[in-house]
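Down below is the structure, laid out as structure tokens.
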Amino acid sequence: MHHSIHHYLPLLRHKESTNFFLIAGPCVVESRDLLFTVAETVLEIADKLKIPYIFKSSYRKANRSSKDSFSGIGDIKALEYLQEVREYFKIPVVTDIHTEPEAALAANYVDVLQIPAFLCRQTTLLEAAAATGKVVNIKKGQFMGPEAMKFAVDKVMNHNESASVWLTERGTTFGYQDLIVDMRSIPAMKEIGVPVILDVTHSLQQPNQSTGITGGRPKMISTIASAGIAAGADGLFIETHPNPSIAKSDGANMLALDRMEDLLIRLSKIRQAIL
């Protein structure tokens, strides 16, 4: 299988590094300024620590619990901002897609297409992503066992045998209003033969709150991320924002941007210890 993260992402820096790779950025594209602020700050830290960095932001959020939740500034405008980040900083970019037409659209602007957890079994969506030739990052459904993600990978590979697929752990439903991260998922999904990422911030969500707005516990970010690196995750996914309390989406879960450096230093040390 062709799953080296490097081969498919010519813009990726620090290809020779033994560190984990990082997918990070604000949950949703709120403004051009926000994207540039986050990308510049994280890239500077990533360069110091030799962390291969992929910028992340969703150009639209389709899966909001409440119709009052912010869902985007307009698809093309948001995608163009993502492309500007890609070209200005010369780093790869990832965004989520929710429908088949979105796969073809987003592929014009970004390097990696991400399949949201609640859509990880949608065969036609996986095939549409595969057809673009972009890297496909599939988030494990909150309702899925890690071994079953092999079938999602197969759907992409059967449609495009030269595709590159990643899998992302983001917690498993625990009761109605919580998620739990089973670290056994990381080695279990690595056995499928693909890079495995831990989505630290979404793993800490507390979904289905009575307000209709998802809550979370940012203090646990360091705990979950440290465990994930120790368990052998190839990459980490962290949503971050300069001021999470005013973020338009997922503020309760994002890491404050000024806490990113200390966290990544700590995680890099854990990574070195297990190599």
Let me confirm one number: the [atom1]-[atom2] distance from [X] to [Y], rounded to the nearest 0.5 Å.
{"X": "K248", "Y": "H241", "atom1": "NZ", "atom2": "NE2", "answer": "7.5 Å"}
{"X": "R121", "Y": "M149", "atom1": "CZ", "atom2": "CE", "answer": "10.0 Å"}
{"X": "L167", "Y": "I138", "atom1": "CG", "atom2": "CD1", "answer": "5.5 Å"}
{"X": "L113", "Y": "T95", "atom1": "CG", "atom2": "OG1", "answer": "8.5 Å"}
{"X": "S268", "Y": "I45", "atom1": "OG", "atom2": "CD1", "answer": "10.5 Å"}
{"X": "D182", "Y": "S203", "atom1": "CG", "atom2": "OG", "answer": "11.0 Å"}

Using side-chain heavy atoms (C-beta onward) and a distance below 4.5 Å, is [X] in contact with [Y]?
{"X": "S226", "Y": "L267", "value": "yes"}
{"X": "P195", "Y": "F20", "value": "no"}
{"X": "I115", "Y": "I97", "value": "yes"}
{"X": "E84", "Y": "L35", "value": "no"}
{"X": "V29", "Y": "L79", "value": "no"}
{"X": "L11", "Y": "R86", "value": "yes"}
{"X": "D199", "Y": "E169", "value": "no"}
{"X": "L236", "Y": "I197", "value": "no"}

Would you say the side chains of [X] and [Y] form a donor-acceptor pair under 3.5 Å?
{"X": "T124", "Y": "E100", "result": "yes"}
{"X": "K139", "Y": "T168", "result": "no"}
{"X": "S31", "Y": "D33", "result": "no"}

If you look at every heavy atom in [X] and [Y], which pair is closest and at what distance?
{"X": "V38", "Y": "P242", "answer": "CG2-CD, 3.9 Å"}
{"X": "P146", "Y": "K140", "answer": "CA-CD, 3.9 Å"}
{"X": "V28", "Y": "S249", "answer": "CG1-CB, 3.6 Å"}
{"X": "V85", "Y": "A39", "answer": "CG1-CB, 3.9 Å"}
{"X": "V165", "Y": "V194", "answer": "O-CB, 3.4 Å"}
{"X": "N253", "Y": "T201", "answer": "ND2-O, 2.9 Å"}

### Task
Would you please test W166 and V112 for side chain to side chain contact (heavy atoms under 4.5 Å, CB included) and show each step?
CA-CA 10 Å; W166 307 343; V112 182; 4.0 Å; yes
### Query
Hey, is CD on E44 packed in by over 12 heavy atoms from elsewhere, all under 6.0 Å?
no
### Task
Count the heavy atoms belonging to other residues, nucleotides or ligands that lie under 6.0 Å from CD of E40, then report whether that count exceeds 12.
no
Examine distances only and state if a side-chain atom of [X] and a backbone atom of [Y] form a donor-acceptor pair shorter than 3.5 Å.
{"X": "T240", "Y": "L255", "value": "yes"}
{"X": "S57", "Y": "P26", "value": "yes"}
{"X": "N19", "Y": "L49", "value": "yes"}
{"X": "D178", "Y": "F174", "value": "no"}
{"X": "S58", "Y": "C27", "value": "yes"}
{"X": "R271", "Y": "T18", "value": "yes"}
{"X": "E102", "Y": "H98", "value": "yes"}

When you group the ILVMFWY residues by side-chain heavy-atom contacts below 4.5 Å and let the links chain together, are [Y] and [X] in the same group?
{"X": "V153", "Y": "F143", "result": "yes"}
{"X": "F151", "Y": "M157", "result": "no"}
{"X": "I180", "Y": "L198", "result": "no"}

May I ask you to decide whether [X] forms a salt bridge with [Y], counting only side-chain N to carboxylate O separations under 4.0 Å?
{"X": "K56", "Y": "E239", "answer": "yes"}
{"X": "K134", "Y": "D111", "answer": "no"}
{"X": "D262", "Y": "R266", "answer": "no"}
{"X": "E80", "Y": "R32", "answer": "no"}
{"X": "D234", "Y": "K190", "answer": "yes"}
{"X": "E191", "Y": "K150", "answer": "no"}

So, for [X] and [Y], is the gap between ring centers shorter than 6.0 Å?
{"X": "H202", "Y": "F237", "answer": "yes"}
{"X": "F89", "Y": "F55", "answer": "no"}
{"X": "Y109", "Y": "Y59", "answer": "no"}

### Task
Go through the steps for Y53 and F21 under the test ring pair (Phe, Tyr, Trp, His ring centres under 6.0 Å), then give the verdict.
CA-CA 6 Å; Y53 174 43; F21 67 98; over 10 Å; no
### Task
Decide yes or no on side chain to side chain contact (heavy atoms under 4.5 Å, CB included) for L12 and I54, but give the supporting numbers first.
CA-CA 7 Å; L12 197 69; I54 301 159; 3.7 Å; yes
### Message
The test is salt bridge (charged side-chain N to carboxylate O under 4.0 Å, His left out); show your working for K50 and E16 and say whether it passes.
### Response
CA-CA 9 Å; K50 298 202 164 25; E16 306 313 311; over 6 Å; no
### Task
Show the numbers, then the answer: is there a side chain to side chain contact (heavy atoms under 4.5 Å, CB included) between M220 and L204?
CA-CA 7 Å; M220 299 298 277; L204 289 165; 3.4 Å; yes
### From CA spacing to verdict: side chain to side chain contact (heavy atoms under 4.5 Å, CB included), N160, T132
CA-CA 9 Å; N160 175 5; T132 66; over 6 Å; no
